[in-house]
**Q** 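My structure is below; once you've seen it, I'll send some questions.
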Amino acid sequence: MSADGTTTEGRPLRVGLIGLGVISKFYVAAFEQLDDVELVAVCDLRPTALDPFRPKMPVHTDHRKLLATPGLDAVVVNVPNDVHHAVCADAIAAGVAVCVEKPLTTRVADGRALVAAARDAGVVLFTSFHRRYNDNALALLERLPSDVPVTSITVRYLERIEEHAGDDRWYLDPERCGGGCVADNGPNAFDTARQFIGDLSLVEAKVLRDAEGVDRQATVELRAASGATARIELDWAYPGERKDIEVHLADGTVHHADMLGGHDGFKRSLWHEYVGVLVEFAADVRAGRGHGEDGLAALELVDQVYRSQGAPTTAVPGPDPNEDGLKFPVRSTLVKILTHRRDDRGMSLTEFASRCVRRGEVHELVTTDQTDPTPGAVVDRVGFLGFVEIESAGVLDRGDEVWAGGRRIGTVLGFDDCHFPNHYNVLIAVDTPTTGPEQGLAPGMEVRFGAPN
Ligand SMILES: NC(=O)c1ccc[n+]([C@@H]2O[C@H](COP(=O)([O-])OP(=O)(O)OC[C@H]3O[C@@H](n4cnc5c(N)ncnc54)[C@H](O)[C@@H]3O)[C@@H](O)[C@H]2O)c1
């Protein structure tokens, strides 16, 4: 069924392509090879990227205009990672099936929200894991004996990212790519391991970041329900390119697939992999199957890896040893839970790194993944936790740890006084903005603010 309710039976799916950068040519070529899907409109912010398509189909610089194409069945979302969420959300709201490039989103909360929205709306949401269709990986999967268990698998995803980035260097901006090699290449590698040994959970991870905060190298150890382990090696500073899989079986044999083998030349393997992407996407759309679960599974692992490193919260400065001595913690009680989040809240950090709070005052707790403590810094991405009543007067300092119900929530980043004197917004730096229910909060629960350690 297309978005306007007409049947898709007996005709090609009418698909729009949003984002005409490095990867778009593989999609365009795949459309040309397949009868089951038809490229009917394209969109990019750069008019020059649209030029080659102008004679053939409608072109747009705003994806919402493309989404209004009459009879549109689906879109491919092929924009920078940080734009996936907004474009996918609009497509789902328009009732248009989505094939989104990996990673599903840069923040796990956004990924969860997309999956929930796709389910609620009954819209197909498909994540493009192109390595799933790699001929050498599929051949390896096929030749593994079904009666000998896999004991371990190693997936290597090594490259020099500068060679893979387009003109826009968003890959090297942690905010825009999601963090670095873990956020960007991790999902493909995790999904490959999952294809061989099933759902995975994190055992441990080691992530190395460069001076700009981009993760450049990582090793991630995972475990499947069967007990089989997966080792994922990611590298964005590798001279050349290596993408391969090594499988160890219980009988002691070792099996290998070079995902680039037989596809000599830069990115040559992608030509056939993207045909596989579109074939499976079309089948899912026709069957009404899938609402982003696979993309979210990979994203949850990315999130677990970053959490295991204690990522952005460590960026908040702690107490100043020249000024800050010992202090009592500030105790408070949750009196109201909040359940929403926003990407455009526009709070602004006051110039003060400390605020005195008195017994009986009520203040609002707000989480953010932004970590810039500069006075006046605008805080847009927030999740609301709720309001607390202060039980014991004291001093809240930037860098204080915030604990609720025995769990550490995050670190005080600063204060926004847009509602003062009614209340302060106490901003708490976390890995991903979360709401009260997502943190398991309930009225009456104690929230404590205290110096680290
Ligand atoms: N480059 C690779 O090696 C590679 C491999 C596999 C998957 N991917 C994924 O494919 C996606 C695209 O990556 P890329 O390398 O082609 O990026 P790119 O920077 O080369 O291209 C992105 C394109 O999106 C356009 N764009 C940005 N915002 C837009 C918006 N709001 N509406 C419409 N167009 C917009 C840009 O103008 C640009 O043309 C990413 O999600 C990436 O993770 C990339």
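In this chain, residues are counted from 1 in sequence order.
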**Q** Please evaluate residues Arg107 and Asp343 with respect to the criterion salt bridge (Lys or Arg N to Asp or Glu O under 4.0 Å), reporting the C-alpha separation (whole Å), side-chain torsions for both, the decisive distance (0.1 Å), and the verdict.
**A** CA-CA 12 Å; Arg107 293 194 295 270; Asp343 275 347; 3.4 Å; yes

**Q** If you compare all heavy atoms of Gly19 against all heavy atoms of Val79, which two are closest, and at what distance to 0.1 Å?
**A**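 Closest pair (atom of Gly19, atom of Val79, distance): CA-CG1, 3.9 Å.
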
**Q** Shortest non-hydrogen contact from Val382 to Val379?
**A**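 Closest approach of Val382 to Val379, heavy atoms only: CG1-CG1, 3.7 Å.
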
**Q** Check the side chains of Arg345 and Thr368 for a donor-acceptor pair under 3.5 angstrom, ignoring hydrogens and angles.
**A**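 Checked: Thr368/Arg345 side chains show no N/O donor-acceptor pair below 3.5 Å.
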
**Q** Is Ser128 reaching over with its side chain to a backbone N or O of Glu101, donor-acceptor style, under 3.5 angstrom?
**A**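 Here the side-chain-to-backbone pair does not exist.
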
**Q** Are side-chain heavy atoms of Phe415 and Leu396 found at a separation under 4.5 Å?
**A**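 In contact.
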
**Q** side-chain contact (heavy atoms from CB on, under 4.5 Å) with Arg331: which residues, sequence neighbours excluded?
**A**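 Once residues adjacent in sequence are excluded, the partners of Arg331 under the side-chain contact (heavy atoms from CB on, under 4.5 Å) criterion are Glu391, Ser392, Glu446, Arg448.
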
**Q** One pair to check against side chain to side chain donor-acceptor pair (under 3.5 Å): Gln439 and Thr434. What are the steps and the verdict?
**A** CA-CA 7 Å; Gln439 288 283 358; Thr434 39; 2.9 Å; yes

**Q** For a side chain to side chain contact (heavy atoms under 4.5 Å, CB included) check, start with the C-alpha distance between Leu338 and Phe387, then their side-chain angles and the critical distance, and finish with the verdict.
**A** CA-CA 8 Å; Leu338 293 172; Phe387 289 89; 3.8 Å; yes

**Q** Within a strict 4.5 Å, meaning less than it, do heavy atoms of the His263 and Asp258 side chains meet?
**A**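 Result no, sub-4.5 Å side-chain heavy-atom pair not found.
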
**Q** Checking Asp416 side chain against Ser348 main chain: does a donor-acceptor pair fall under 3.5 Å?
**A**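 A pair under 3.5 Å: yes.
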
**Q** Say whether, by atom type as modelled, one donor and one acceptor occur between the side chain of Thr229 and the main chain of Arg223 under 3.5 angstrom.
**A**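 Side chain of Thr229 to backbone of Arg223, a donor-acceptor pair under 3.5 Å: no, none is there.
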
**Q** So, the side chain of Gln370 versus the backbone of Asp380: is there a donor-acceptor pair under 3.5 Å, distance only?
**A**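 Yes.
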
**Q** Starting from the C-alpha separation in whole Å, work towards a yes-or-no answer on side chain to side chain contact (heavy atoms under 4.5 Å, CB included) for Ile428 and Thr411.
**A** CA-CA 5 Å; Ile428 303 169; Thr411 309; 5.8 Å; no

**Q** How many angstroms lie between atom OG of Ser24 and atom CD1 of Ile18, to the nearest 0.5 angstrom?
**A**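 The OG atom of Ser24 sits 12.5 Å away from the CD1 atom of Ile18.
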
**Q** Are Phe266 and His164 close enough, and set up right, to give a ring-ring contact (aromatic ring centres under 6.0 Å, His included), and what steps lead you there?
**A** CA-CA 9 Å; Phe266 188 60; His164 294 257; 5.0 Å; yes

**Q** Please check if atom CZ in Arg54 has more than 12 non-hydrogen atoms from other residues, nucleotides or ligands closer than 6.0 Å.
**A**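 Yes, the 6.0 Å shell around CZ holds more than 12 heavy atoms from other groups.
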
**Q** Taking side chain as C-beta onward, heavy atoms only, is Pro187 less than 4.5 Å from Phe129?
**A**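 Counting from C-beta outward, Pro187 and Phe129 do come under 4.5 Å.
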
**Q** Would you say Asp397's side chain and Gly399's backbone share a donor-acceptor pair under 3.5 angstrom?
**A**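 Between the backbone of Gly399 and the side chain of Asp397 there is no qualifying donor-acceptor contact (under 3.5 Å).
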
**Q** Does the side chain to side chain contact (heavy atoms under 4.5 Å, CB included) test come out yes or no for Val37 and Leu39, once each step is laid out?
**A** CA-CA 7 Å; Val37 283; Leu39 183 60; over 6 Å; no

**Q** Output yes when Asp168 and Arg176 qualify as a salt bridge under the 4.0 Å nitrogen-oxygen rule, no when they do not.
**A**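 Here Asp168 pairs with Arg176 in a salt bridge, since their nearest N and O are under 4.0 Å apart.
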
**Q** Under the criterion salt bridge (Lys or Arg N to Asp or Glu O under 4.0 Å), I'd like the reasoning laid out for Arg231 against Glu246: C-alpha separation, chi angles, the key distance, then a yes or no.
**A** CA-CA 10 Å; Arg231 178 182 168 85; Glu246 195 175 285; over 6 Å; no

**Q** Indicate yes or no: at least one non-hydrogen side-chain atom of Arg131 is less than 4.5 angstrom from one of Asp191.
**A**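 No. Closest side-chain heavy atoms not under 4.5 Å.
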
**Q** Is Glu438 salt-bridged to Arg341, cutoff N-O under 4.0 Å?
**A**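 Salt bridge: yes.
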
**Q** Can you tell me how far apart CG (Asp244) and OH (Tyr157) are? Round to the nearest 0.5 Å.
**A**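 Those atoms lie 11.0 Å apart.
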
**Q** Is the shortest side-chain heavy-atom distance between Arg209 and Val214 below 4.5 Å?
**A**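 Arg209 does not reach Val214 side chain to side chain.
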
**Q** Do Tyr133 and Val275 have side chains that get closer than 4.5 Å, going by heavy atoms?
**A**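 No. Closest side-chain heavy atoms not under 4.5 Å.
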
**Q** Using a distance-only test with no angle check, is there a side-chain donor-acceptor pair under 3.5 angstrom linking Glu273 and Trp271?
**A**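 No donor-acceptor contact under 3.5 Å links the two side chains.
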
**Q** Are the side chain of Asn81 and the backbone N or O of Gly178 linked by a donor-acceptor pair below 3.5 Å?
**A**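 Looks like no, no N/O pair under 3.5 Å.
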
**Q** Keeping to residues at least two apart or across chains, list the side chain to side chain donor-acceptor pair (under 3.5 Å) pairs with something in residues 288-300.
**A**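 Counting only pairs at least two positions apart or across chains, the side chain to side chain donor-acceptor pair (under 3.5 Å) contacts touching residues 288-300 are Arg112-Glu300, Arg119-Glu293, Arg132-Asp294, Arg194-Asp294, Asp284-Arg289.
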
**Q** With a 4.0 Å cut-off, would you call Asp173 and Arg169 a salt bridge?
**A**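 Answer for the salt bridge query: no.
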
**Q** Which pair of heavy atoms, one from Asn185 and one from Trp236, lies closest together, and at what distance?
**A**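 Here Asn185 and Trp236 meet closest at ND2-NE1, 3.1 Å.
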
**Q** Ion pair present between Asp369 and Arg381, side-chain N to carboxylate O less than 4.0 angstrom?
**A**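 Salt bridge flag = yes for Arg381 with Asp369.
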
**Q** Using every non-hydrogen atom in the two residues, find where Val182 and Val207 come nearest and quote the distance to one decimal.
**A**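 Residues Val182 and Val207, closest heavy atoms: CG2-CG2, 4.1 Å.
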
**Q** Between Thr371 and Ala429, what is the shortest heavy-atom contact and its length?
**A**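 In this case the closest contact between Thr371 and Ala429 is CG2-CB, 4.5 Å.
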
**Q** Just by distance, do the side chain of Asp215 and the backbone of Gln217 share a donor-acceptor pair under 3.5 Å?
**A**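 Looks like no, no N/O pair under 3.5 Å.
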
**Q** Would you give the length of the straight line joining atom CZ of Phe190 to atom CG of Leu299, rounded to the nearest 0.5 angstrom?
**A**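 Phe190 CZ to Leu299 CG: 10.0 Å, rounded to 0.5 Å.
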
**Q** Other residues, nucleotides and ligands only: do more than 12 of their heavy atoms fall within 6.0 Å of CG on Asp167?
**A**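 Open.
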
**Q** Go through the steps for Lys243 and Glu159 under the test salt bridge (Lys or Arg N to Asp or Glu O under 4.0 Å), then give the verdict.
**A** CA-CA 8 Å; Lys243 312 268 165 77; Glu159 64 189 21; 2.6 Å; yes

**Q** Using modelled atom types only, decide if a donor and an acceptor are shared between the side chain of Ser332 and the backbone of Val447 within a distance under 3.5 Å.
**A**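 Yes, the answer is positive, given that a donor and an acceptor are paired below the 3.5 Å cut-off.
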
**Q** Would you check if Leu104 and Leu125 make a side-chain contact, meaning some heavy-atom pair closer than 4.5 Å?
**A**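 The answer is yes, as the side chains (C-beta and beyond) meet within the 4.5 Å cut-off.
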
**Q** Could you give me the CA-CA distance, side-chain angles and deciding distance for His419 and Asn425, then say whether side chain to side chain donor-acceptor pair (under 3.5 Å) is met?
**A** CA-CA 8 Å; His419 293 301; Asn425 291 317; 4.6 Å; no

**Q** To the nearest 0.5 Å, how far apart are CG in Asp110 and CG in Leu296?
**A**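 CG of Leu296 is found 11.0 Å from CG of Asp110.
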
**Q** Does any N or O in the side chain of Tyr274 come within less than 3.5 Å of the main-chain N or O of Val28, such that one atom is a donor and the other an acceptor?
**A**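 The answer is no, because no donor-acceptor pair under 3.5 Å joins these two groups.
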
**Q** Can you tell me how far the CD1 atom of Ile197 sits from the OG atom of Ser152, to the nearest 0.5 Å?
**A**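 Separation between the atoms: 8.5 Å.
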
**Q** CZ of Arg342: more than 12 outside heavy atoms within 6.0 angstrom?
**A**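 Yes, because the 6.0 Å sphere around CZ of Arg342 holds more than 12 heavy atoms from other groups.
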
**Q** Between the side chains of Asp184 and Lys102, is the shortest nitrogen-to-carboxylate-oxygen separation below 4.0 Å, so that they form an ion pair?
**A**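 Yes, charged N to carboxylate O under 4.0 Å.
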
**Q** Between Asp400 and Lys327, does any side-chain N to carboxylate O distance fall below 4.0 Å?
**A**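 Salt bridge present between Asp400 and Lys327.
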
**Q** Between Glu204 and Lys206, is there a salt bridge with N-O shorter than 4.0 Å?
**A**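 No.
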
**Q** Contact between His84 and Pro103 at the side-chain level, heavy atoms closer than 4.5 Å - yes or no?
**A**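 His84 vs Pro103: side chains touch.
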
**Q** If you compare all heavy atoms of Phe53 against all heavy atoms of Leu20, which two are closest, and at what distance to 0.1 Å?
**A**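 Smallest interatomic distance, heavy atoms only, reads CE1-CD1, 3.9 Å.
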
**Q** Is there a donor-acceptor pair under 3.5 Å between the side chain of Glu280 and the backbone N or O of Val277?
**A**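 Pair absent, no side-chain N/O of Glu280 close to backbone of Val277.
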
**Q** With rounding to the nearest 0.5 Å, note down the distance linking CG in Leu234 to CG in Asn188.
**A**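 Rounded to the nearest 0.5 Å, the CG-CG separation comes to 10.0 Å.
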
